[in-house]
Amino acid sequence: MITNKKYLVGVFDNEHTLVDAFEKALAQGVVIEEVYTPYPIHEILTGMKNKTNITTAAFFYGLFAVIMLIGGMYYAAVVDWPLHFGGKPFNTFPSFIVVTIVATILTITLLTLFTFSVRSKIYPGKKAEIIDIRATDDKFIILLDQDKMGINKPEVTRLFQTNGASEVYEKETATN
Amino acid sequence: MYKTDVRGKLIDGEKSLSQISQEILAPIDAKTPKWWYIAMGISLAMFAWGAQSLYVTLTQGIGTWGQNSTVAWGWEIINFVWWIGIGHAGTAFSIFLLILRQKWRTAINRAAEAMTVVAVFCAALFPLMHMGRPWLFFYIFPYPNTRGPLWVNFNSPLFWDFMAISAYLLISASFWYFGMVPDFATIRDTTKSKIKKAVYGFFAFGWVGSSREWLRYEGLAFVLGGIAAVLVVSVHSIVSTDFAVSVEPGWHTTLFPPYFVVGAIFSGFAMVLTLVTLMKKLYNMGDFITENHVDAVCRILVFVSLIMGTAYITEIFIAWYSGSEYEMYTFFKNRITGEYAMQFWGMFIFNALLPQLFWSRKVRRNLWVVFVISLFINLGMWFERFNIVVTSLSKNYLPASWAEYHPTWVEIGFFVGTLGMFSAGVLLFFRYIPQIAIAEVKMISKYNTQQTDHLKPGHHDYE
């Protein structure tokens with residue numbers, strides 16, 4: 001079912017006013033839907049309280065890769081087709097290390113990128129859900145869902161404007 | 001407290017965020033300049049010669065090259081190592097300087113990474129063709145097969161090399177691409193052309209700059225940055241192991257891995273210098289790549305050049321100190337003097353002596369001189385690889401098998417072809433991709449003051 005969602009958009013011209021307004025809004029108990037910025041801002045990322053486990057995932061990808069690689073090389077060199085090289089042992093472990101390191105890095109990179117793509121829902125050809133087109137250029141956007149922002153409209157508009165918002169406007173989008 | 005002007009400003013001129021986008025994107029929005037077509041034409045002509053040489057190699061075999069049973073590795077390995085070395089700057093710039101929190105890297109890392117991807121492509125062609133029957137190259141993949149006991153040899157540095165280069169190519173390409181996603185979104189949202197909106201929109205992956213995206217993006221950069229740092233060291237030390245594990249005079253030394261890694265960073269940074277000089281002059285990127293940026297790269301080159309000089313002298317000293325007559329012969333009769341002396345002295349002068357001019361501030365601030373020196377360093381690094389590969393092989397233990405090596409036109413064409421491929425790739429990069437990481441430059445624009453407070457404890461410094 002398609003419903004129309006009503007949003008309130010606060011537009012800021014620079015990082016300082018954005019962070020200022022963002023922190024004051026949080027202090028007043030405003031529920032912030034999302035913040036759009038041209039570059040990552042530390043205060044926003046921590047203030048939004050979203051968590052990412054991408055680094056933990058990367059660690060486990062690495063662990064998985066190491067086990068598979070060493071296991072695979074052991075299987076090839078010792079179990080499947082042992083070869084005699086002048087009386088050297090079949091399991092030439094220390095020389096497996098180089099391939100293990102390099103291929104582990106490759107595995108981590110590819111799987112982490114894939115995870116990033118899936119979790120952030122970013123993939124080739126995706127149609128961007130743009131709230132304010134200037135957010136990738138020079139504006140900093142705070143988005144509030146009017147149904148659950150935890151404060152009334154005039155109050156939050158005043159809060160934004162007194163803290164340096166250059167514009168505050170309403171926006172309706174159709175969502176499923 | 002003692003204060004110095006550590007670095008100048010990161011961006012010249014007081015620029016708004018929107019100006020930063022506009023100025024960096026100007027080459028993409030502007031009409032293609034005439035010189036670009038001419039340069040592209042020359043590059044493609046060079047590439048065509050390379051393609052012809054490849055055709056000859058493929059149809060007639062590597063007997064068309066100048067190699068013989070004594071000097072079995074000629075220009076192909078020289079060029080392979082040379083290109084891989086150039087390809088090192090991308091990771092060194094993005095990762096090492098990221099770890100060292102050098103904010104000036106943001107203006108240059110995109111170009112360095114682009115160069116890396118193209119250079120590694122060029123490099124990969126050489127060992128591929130050197131296999132003789134390149135259509136069977138998949139034999140080097142370790143997979144269960146029906147060809148008898150043909151698991152690859154996991155103990156062979158040549159196999160390690162294959163793994164390292166493939167991983168390096170894939171990792172640098174993806175690191176480069178994901179760095180560009182936010183910038184593609186900026187193009188999508190600022191351009192007036194419908195075609196550009198659609199094309200860059202496709203490549204922008206639906207990026208909108210939300211805090212959720214940035215959070216994971218930062219996490220991704222952290223992971224890739226952390227693990228890819230190992231690659232800077234591993235790739236070229238593995239390349240050097242190809243040489244160091246073989247019992248050839250002049251190759252069989254423990255010095256090789258650090259010597260190769262430092263050499264790679266040296267040639268990579270020199271090529272970056274060549275590129276940024278062009279970007280400054282041809283595309284007016286001077287406000288973002290300021291004199292201070294060029295200055296910083298030059299200072300690194302002076303330092304690395306000293307390490308190179310030390311490595312050269314160490315090799316010679318150890319040859320003498322070891323008392324091995326083969327080592328002595330290789331270094332004193334077949335490198336410093338002898339028929340390949342020109343290549344040795346070319347290497348020594350261009351890599352160890354010429355960059356010492358960068359001690360002078362006047363030289364570092366003169367863009368033309370910097371440009372010329374950067375080209376000479378690249379030439380010197382090519383000589384270094386020639387010096388290592390050919391002199392050691394041509395005259396080793398058995399005088400009966402001594403032979404000289406001269407490249408044939410097919411080999412020269414092959415090399416010129418990769419040069420054409422590289423310059424064509426770089427020209428495409430200049431024309432269609434933001435040359436400077438827009439989002440990153442915007443991020444550092446708030447620090448855009450003369451950095452004089454580097455000794456002040458606890459100043460706000462996150463990336």
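Chain naming here is simple, since letters A, B, ... match the order of the sequence lines and numbering starts at 1 in each.
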Name the region of [X], side chain, backbone, both or neither, that has any atom closer than 4.5 Å to a heavy atom of chain A.
{"X": "B/Ser18", "answer": "both"}
{"X": "B/Leu224", "answer": "side chain"}
{"X": "B/Phe175", "answer": "neither"}
{"X": "B/Val223", "answer": "side chain"}
{"X": "B/Ile238", "answer": "side chain"}

Suppose we screen for side-chain hydrogen bond (donor to acceptor under 3.5 Å, both in side chains). Which residues come up paired with B/Thr116, at least two apart in sequence or across chains? none
As a quick check of understanding, evaluate side chain to side chain contact (heavy atoms under 4.5 Å, CB included) for A/Ile32 and A/Ile142, giving each step before the final call. CA-CA 7 Å; A/Ile32 292 167; A/Ile142 296 185; 3.9 Å; yes
When only pairs under 4.5 Å are counted, which of [options] shares the most heavy-atom pairs with chain B?
{"options": "A/Lys126, A/Glu34, A/His16, A/Arg119", "value": "A/Glu34"}
{"options": "A/Pro124, A/Pro94, A/Ala103", "value": "A/Pro124"}
{"options": "A/Asp138, A/Leu143, A/Asp80", "value": "A/Asp138"}
{"options": "A/Asp132, A/Ile130, A/Ile44", "value": "A/Ile130"}

Judged by modelled atom types alone, do [X] and [Y] share a side-chain donor-acceptor pair under 3.5 Å?
{"X": "A/Thr17", "Y": "A/Asn14", "value": "yes"}
{"X": "A/Tyr36", "Y": "B/Glu213", "value": "no"}
{"X": "A/Lys139", "Y": "A/Thr37", "value": "no"}

Looking at every non-hydrogen atom in both residues, tell me the closest pair between B/Ala107 and B/Ile436 and how far apart they are. O-CG1, 3.5 Å
At their closest point, which heavy atom of A/Phe22 faces which heavy atom of A/Glu43, and how far apart are they? CE2-O, 3.9 Å
Measure up the B/Tyr177 and B/Phe205 rings against each other and bin them: parallel (under 30°), tilted (30 to 60°), perpendicular (over 60°). tilted
What do you reckon, are the aromatic ring centroids of B/Phe178 and A/Phe116 less than 6.0 Å apart? yes
Can you pull out the residues in residues 47-58 of chain A with any heavy atom less than 4.5 Å from chain B? A/Met48, A/Asn50, A/Lys51, A/Thr52, A/Ile54, A/Thr55, A/Ala58
Taking side chain as everything from C-beta outward and backbone as N, CA, C, O, which of these in A/Ile131 sits under 4.5 Å from a heavy atom of chain B? Side chain, backbone, both or neither. neither
Would you check if the side chain of B/His236 reaches a backbone N or O of B/Ala264 as a donor-acceptor pair within less than 3.5 Å? no
B/Ser234 vs B/Tyr168, side-chain hydrogen bond (donor to acceptor under 3.5 Å, both in side chains): CA-CA, chis, key distance, verdict: CA-CA 10 Å; B/Ser234 73; B/Tyr168 191 60; over 6 Å; no
